[in-house]
Amino acid sequence: MGRRKKIVQECERLMDDPENIRNIAIAAHVDHGKTTLTDNLLAGAGMISDETAGEQLAMDTEEDEQERGITIDAANVSMTHEYEDQNHLINLIDTPGHVDFGGDVTRAMRAVDGALVVVDAVEGAMPQTETVLRQALREGVKPTLFINKVDRLISELQEGAEEMQERLLSVIRDVNELIRGMTEDMDDIEDWTVSVEEGTVGFGSALYKWGVSMPSMQRTGMDFAEIMELERADKRQELHERTPLSDVVLDMVCEHFPNPIDAQPRRIPRVWRGDDQSEIAEQMRLVDEDGEVVLMVTDIAMDPHAGEVASGRVFSGTLEKGQELYVSGTAGKNRVQSVGVYMGGEREEVDEVPAGNIAAVTGLKDAIAGSTVSGVEMTPFETIEHISEPVITKS
Ligand code: GDP
């Protein structure tokens, strides 16, 4: 059996176990390194080769994106990662970082429960960092922070340990100030500020494929002094091998992002205003794979062979080929032609996709991004509001 086939099979097995699923987005200001980091994760999970990670830009699937060098469409990918002796299924949605595509970022946030916010260590938090955080928090999506391009502080800016520490701490302070300001009125969210000690902050270099966090330093025994020494001596391959970025980030994802069972009871009342005493509300809160099908479509993509493919989050029930489903805002039903998941940018058809996962579905001809697709007629999800960039006034 080919490697890819094995990964698909493992994903299918894990799809049935919501406790070990993490639905996540990576979000960042443009050029802060989201694409390079994503490729690291895919390589770490065995989805693309290690050598080509960073060059391949696997998530940039559209020709247009490659030409323009920016990510413009939210693409999805599923991967597996072993953490504390348990294999996890990580469904990752790529979000556009460019200023014009805020609507796609917001939609992607509806499908996920955790957002890894990438911030360039040199530039610090930028306007889009604020926008993506606001989008995530409004959807009840928990943030963690990865401070990228730390290699530049060491090798290019030649910062000393103290100077570097001060800079990194100030990035964390800024991000926490934003999170605090955005969540202080939200009574369903506990303290979601990020912290080095708790392990919700990672640092590193997506370009040179190394990363650290407090838990990883405890595990590998590597501290910042040694990292600075190796980075200065240009021993980046050694750094990558001893403290690979993908392990640090994927461990953080498994440890600190909620699984669907923990996330849905909090997220459903936030994004759905139907009768909270109804059976369907209970099924969504419980991530009930035997409940009625409820799919929130977050993206429609064109497949050259299959035509329109709707992707989105299955909040309840199990999606299967042949089901006749209602599409909010339209009359009649659509018939599901195929169900699948995205693996390394390609769609793989599977027999069924249960609640708690992100599915790719064909046959939903009336669905648009934002549609609620369900086995019974129901109150649709709240519309996904586009949050535009904060207005920057020049002094
Ligand atoms: P995105 O717009 O957030 O997806 O950013 P990209 O991943 O496309 O990266 C933008 C630029 O920053 C590219 O030229 C990358 O090679 C570079 N880059 C990304 N990560 C790092 C890093 O950790 N260190 C350095 N020095 N450059 C990086």
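One-based numbering, in listed order, for ligands and for the atoms of each.
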K.L.:
Heavy-atom distances under 4.0 Å decide this one: backbone, side chain, both or neither, for K34 against ligand 1?
P.N.:
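Both the backbone and the side chain of K34 come within reach of ligand 1.
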K.L.:
Which residues pass the side chain to side chain contact (heavy atoms under 4.5 Å, CB included) test with Q323, sequence neighbours left out?
P.N.:
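Listed in chain order: V293, L319, E320, L325, V336.
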K.L.:
Identify, by atom number and element, the atoms of ligand 1 in contact range of D151, meaning under 4.0 Å from any of its heavy atoms.
P.N.:
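So the atoms of ligand 1 that pass are 22 (C), 23 (O), 24 (N), 25 (C), 26 (N).
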K.L.:
Using distance alone, determine whether V30 and ligand 1 share an N or O pair under 3.5 Å.
P.N.:
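No; every N/O pair is 3.5 Å or more apart.
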K.L.:
Counting only N and O atoms by type, is there a donor-acceptor contact under 3.5 Å from the side chain of T318 to the main-chain atoms of E289?
P.N.:
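Judged by distance alone, yes, a pair lies under 3.5 Å.
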K.L.:
Nearest heavy atom to atom 5 (O) of ligand 1 wins, so pick from S155, G33, A206.
P.N.:
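Among S155, G33, A206, the closest heavy atom to atom 5 (O) of ligand 1 comes from G33.
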K.L.:
Can you sort out which atoms of ligand 1 are near D31, meaning under 4.0 Å from one of its heavy atoms?
P.N.:
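So the atoms of ligand 1 that pass are 1 (P), 2 (O), 3 (O), 5 (O), 10 (C), 12 (O).
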K.L.:
Which of the atoms of ligand 1 are close to S205, meaning less than 4.0 Å from one of its heavy atoms?
P.N.:
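Going through ligand 1 atom by atom, the ones under 4.0 Å from S205 are 22 (C), 23 (O), 24 (N).
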K.L.:
Heavy atom to atom 27 (N) of ligand 1, shortest distance: which of V150, L153, L207 holds it?
P.N.:
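It is L207 that holds the nearest heavy atom.
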K.L.:
Can you tell me how the ring of H32 sits relative to the ring of H29, calling it parallel under 30°, perpendicular over 60° and tilted otherwise?
P.N.:
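Aromatic pair H32/H29 classed tilted.
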K.L.:
Is the closest side-chain donor-acceptor distance between E241 and Q237 under 3.5 Å?
P.N.:
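Distance-only check passes for E241 and Q237.
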K.L.:
Is any N or O atom of K149, backbone or side chain, closer than 3.5 Å to an N or O atom of ligand 1?
P.N.:
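So ligand 1 has an N or O lying under 3.5 Å from an N or O of K149.
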K.L.:
Give the numbers and elements of all ligand 1 atoms closer than 4.0 Å to a heavy atom of R152.
P.N.:
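Listed by number with element: 26 (N).
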K.L.:
Measure from the side-chain N and O atoms of S328 to the backbone N and O of T372, and report whether any donor-acceptor pair falls under 3.5 Å.
P.N.:
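Answer holds: yes.
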K.L.:
Could you say whether the N/O atoms of G204 and ligand 1 ever approach to under 3.5 Å?
P.N.:
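No.
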K.L.:
Between Y208 and R236, is there a cation-pi geometry (under 6.0 Å to ring centre, at most 45° from the normal)?
P.N.:
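The answer is yes; both the distance and angle limits are met.
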K.L.:
Show me the donor-acceptor pairs within less than 3.5 Å that the side chains of residues 359-367 make with the rest of the protein, sequence neighbours left out.
P.N.:
| residue | atom | partner | partner atom | Å |
| --- | --- | --- | --- | --- |
| T362 | OG1 | S338 | N | 3.2 |
| T362 | OG1 | S338 | OG | 2.6 |
| D366 | OD2 | N334 | ND2 | 2.9 |

